[in-house]
Amino acid sequence: MSDTTERQGEIGAPVLTARNVVIRFGGLVAVNNVSFDVRPGEILGLIGPNGAGKTTMFDLLAGSILPSSGEIFLNGTLVSGEAAHRRIGRGLGRTFQIPRPLPNLTLIENVMLAAQGQAGERLLANFLTPWRVAAEERAAQTRAIELLELVALAHLAHEPARVLSGGQRKLLELARVMMADPAIILLDEPAAGVNATLLEVIIDRIRDINARGITFLLIEHNIDMVTRLCHRVLVMASGQLLCEGTADQVARDPRVIEAYLGGAA
Ligand SMILES: Nc1ncnc2c1ncn2[C@@H]1O[C@H](COP(=O)(O)OP(=O)(O)O)[C@@H](O)[C@H]1O
Ligand SMILES: [Mg+2]
């Protein structure tokens, strides 16, 4: 049984909404008329067989691709025509199925790269107010170290990212996304290829970050992780939303069982 179900009652204006979202790639309708809300404070699961359209849905939500039709709202604002960096600025964070940190930069440097509106990036400001740039740089560094502590990687803060294992890269990815102060984080298969010990760390960190009020949308095949973390679960198959419920409910749904048996599983 889920040990997080007591938080299910939380309601409020949705953090993220997909309304009748469609994306066509030539003849393939990869996401077909999908609508859902992500409620503030929840961890919402998104599961379904390989090829269901889950990662494509993340691409649409994050702005890596634009929908053929339909709307996406972030905290009530229509964003479906906006570029990805604008949506990051509005509080949407996203991690990738295969994280690619810059291998020769340290963990701190990798995390600092994700800071929003850093003065150091503005060339003119560098000439006019170098003292302010230096102060912001120090603040960003302090924040990066705090976030590395949060994901249990502080002991490796000054190591190059290339020394990290696959699981540690997923934790670094979480610290990186936190640096931009997101209201919602989209996680694409955080448990894939992660060993059992590190998986427990990742589950704990997601819980901690969620307890700070950050909302999650989680794609994951590890059903144990989904059951333990998610307040609610959406199931996609063949580009469509099949059903919604608690992890236990959807696992018992005959339509879901059929989708997995008929699909890549
Ligand atoms: N850029 C693209 N061009 C063409 N087809 C794509 C593209 N991205 C994804 N697809 C197709 O869309 C479908 C859904 O893929 P994906 O979203 O990766 O599924 P999931 O993450 O659920 O495994 C697959 O058939 C995939 O081949
Ligand atoms: Mg995927």
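Starting from 1, each residue takes its place in the sequence as its number. Read the numbers this way: they start at 1 and go in the same order the structure lists the ligands and their atoms.
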For ligand 1, which atoms have a heavy atom of [X] less than 4.0 angstrom away?
{"X": "Ala52", "answer": "19 (O), 20 (P), 22 (O)"}
{"X": "Gly51", "answer": "13 (C), 14 (C), 19 (O), 20 (P), 22 (O), 23 (O)"}
{"X": "Asn50", "answer": "23 (O)"}
{"X": "Leu28", "answer": "11 (C), 12 (O), 25 (O)"}
{"X": "Ala30", "answer": "12 (O)"}

Can you report which non-hydrogen protein atom sits closest to [atom], along with the distance?
{"atom": "atom 19 (O) of ligand 1", "result": "Gly53 N, 3.2 Å"}
{"atom": "atom 17 (O) of ligand 1", "result": "Thr56 OG1, 2.5 Å"}
{"atom": "atom 8 (N) of ligand 1", "result": "Phe25 CE1, 3.5 Å"}
{"atom": "atom 18 (O) of ligand 1", "result": "Thr55 CB, 3.9 Å"}

Between [X] and [Y]: side-chain donor-acceptor atoms closer than 3.5 Å:
{"X": "Asn104", "Y": "Arg162", "answer": "yes"}
{"X": "Glu159", "Y": "Thr106", "answer": "no"}
{"X": "Arg94", "Y": "Ser64", "answer": "yes"}

Can a donor-acceptor pair be found, under 3.5 Å and without considering hydrogens, that links the side chain of [X] to the backbone of [Y]?
{"X": "Thr17", "Y": "Asp37", "result": "no"}
{"X": "Arg90", "Y": "Leu74", "result": "no"}
{"X": "Lys170", "Y": "Ala192", "result": "yes"}

Exercise. Counting only heavy atoms not in His158, do more than 12 sit closer than 6.0 Å to its NE2 atom?
Worked result: no
For this session: Go through the steps to decide whether Glu173 and Arg176 satisfy the test salt bridge (Lys or Arg N to Asp or Glu O under 4.0 Å), and finish with yes or no.
Result: CA-CA 5 Å; Glu173 184 81 339; Arg176 182 188 62 71; 3.2 Å; yes
Problem set entry | Metal proximity, Asn50 vs the Mg ion (ligand 2), N/O/S cut-off 2.8 Å | no
Exercise. Is atom 27 (O) of ligand 1 less than 4.0 angstrom from some protein heavy atom?
Worked result: no
